[in-house]
Amino acid sequence: MSRFFNLRHLEGATRNSLSGLVFAWKGEQAFRHEVMVVGALILLLILTGKDWENWLIVLGGWIGVMVVELLNSAIEEAFDLVTTEWNARVKRGKDLASAAIFLAMLINFGIWVHVFFID
């Protein structure tokens, strides 16, 4: 059983994940803004009396944005290890990661329109 389920590994992985979330909260303004959006979405879902399925769709979609934001931050950290000087390829990589966030937000705009205005 211990071969398939290692509690120490789970504890370490959880600690690393929480450390990453703390780092994102302290060091990434965009992530803090996205957490505030979660609070606003929860309030809006309560005020509009949406069912649990809509909660799942709206919050799941926005958490997806936050996941992309964390990956973008990780990519930027990795690029900054390579060089802190301006580099066209590094800029392109950072811009591509930023574009992923933009697309995730566009998807969420469609979700919100559907859930809050059409549904």
Side-chain angles (χ1 to χ4, degrees):
M1 179 74 171
S2 64
R3 189 173 93 162
F4 297 105
F5 183 77
N6 185 330
L7 191 56
R8 283 193 180 136
H9 173 77
L10 181 61
E11 289 172 8
T14 301
R15 193 171 19 261
N16 292 341
S17 298
L18 294 175
S19 176
L21 289 171
V22 168
F23 178 82
W25 176 259
K26 288 181 178 179
E28 300 293 331
Q29 184 177 23
F31 185 78
R32 288 191 300 275
H33 290 161
E34 291 159 2
V35 170
M36 289 185 246
V37 170
V38 168
L41 285 173
I42 289 171
L43 184 61
L44 191 57
L45 288 161
I46 290 169
L47 292 174
T48 57
K50 296 297 180 182
D51 61 22
W52 68 271
E53 291 157 334
N54 284 311
W55 278 68
L56 213 62
I57 291 166
V58 169
L59 293 178
W62 192 250
I63 288 171
V65 168
M66 296 172 72
V67 167
V68 176
E69 182 69 52
L70 290 169
L71 292 171
N72 175 58
S73 296
I75 289 167
E76 288 186 356
E77 287 286 320
F79 277 131
D80 289 345
L81 277 175
V82 173
T83 182
T84 56
E85 295 178 19
W86 190 90
N87 179 295
R89 293 180 76 186
V90 168
K91 181 185 181 331
R92 192 173 5 191
K94 289 182 175 186
D95 289 351
L96 288 166
S98 181
I101 297 168
F102 179 73
L103 291 177
M105 288 182 172
L106 282 179
I107 290 167
N108 273 270
F109 179 74
I111 290 170
W112 297 350
V113 167
H114 177 76
V115 168
F116 294 112
F117 299 106
I118 297 174
D119 191 25

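All figures in this text were calculated on a predicted structure; none of them were measured in a lab. Excluded from the calculations below are hydrogen atoms, water molecules and symmetry mates; all remaining heavy atoms, backbone and side chain alike, are included.
Side-chain contact between V65 and E34 is present, with heavy atoms from C-beta onward closer than 4.5 Å. N87 places none of its side-chain heavy atoms less than 4.5 Å from the side chain of F79. Proximity of L21 to L70: side-chain heavy atoms (C-beta onward) are separated by under 4.5 Å at one or more points. With a 4.5 Å cut-off on side-chain heavy atoms, L45 and L59 count as touching. Residues N54 and F116 are not in side-chain contact: their nearest non-hydrogen atoms beyond the backbone lie 4.5 Å or more apart. For the pair W55/I42, a side-chain contact is recorded, criterion being any heavy-atom separation below 4.5 Å from C-beta on.
V37 and I63 sit in two unconnected hydrophobic clusters of ILVMFWY residues. Membership requires side-chain heavy atoms under 4.5 Å apart, directly or through other members. A continuous path of ILVMFWY side-chain contacts below 4.5 Å connects L18 to F31, so both sit in one hydrophobic cluster. L103 and V58 are assigned to two separate hydrophobic clusters, defined by single-linkage of ILVMFWY side chains at heavy-atom distances under 4.5 Å. Each of V90 and I101 belongs to its own hydrophobic cluster when Ile, Leu, Val, Met, Phe, Trp and Tyr are linked at side-chain heavy-atom distances under 4.5 angstrom. Residues I57 and V113 are members of separate hydrophobic clusters, defined by side-chain heavy-atom contacts under 4.5 angstrom among Ile, Leu, Val, Met, Phe, Trp and Tyr.
Proximity of a side-chain donor or acceptor of T14 to a complementary backbone N or O of L10 within less than 3.5 Å is detected. Within the 3.5 Å criterion, the main-chain N or O of N108 finds no donor-acceptor partner in the side chain of W62.
Here the shortest heavy-atom pairing between A104 and V68 reads CB-CG2, 4.3 Å. In this structure, I111 and G61 approach most closely via the heavy-atom pair CD1-CA, 4.3 Å. Considering all non-hydrogen atoms of both residues, G27 and R32 come closest at N-NH1, 4.0 Å. Residues A97 and I75 approach most closely at CB-CD1, 4.0 Å, considering heavy atoms.
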Yes or no on side chain to side chain contact (heavy atoms under 4.5 Å, CB included) for V38 and M66, after CA distance, side-chain angles and deciding distance?
-> CA-CA 10 Å; V38 168; M66 296 172 72; 3.7 Å; yes
Given side chain to side chain contact (heavy atoms under 4.5 Å, CB included), test V115 with K50 step by step and report yes or no.
-> CA-CA 8 Å; V115 168; K50 296 297 180 182; 4.2 Å; yes
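Distance CG/N6 to CD/E11: 9.0 Å, rounded to 0.5 Å. Note that CG of L43 is 9.5 Å distant from OG1 of T48, once rounded to the nearest 0.5 Å.
Sorted by first then second residue, the salt bridge (Lys or Arg N to Asp or Glu O under 4.0 Å) pairs that include residues 75-94, not counting sequence neighbours, are D80-K94, K91-D95.
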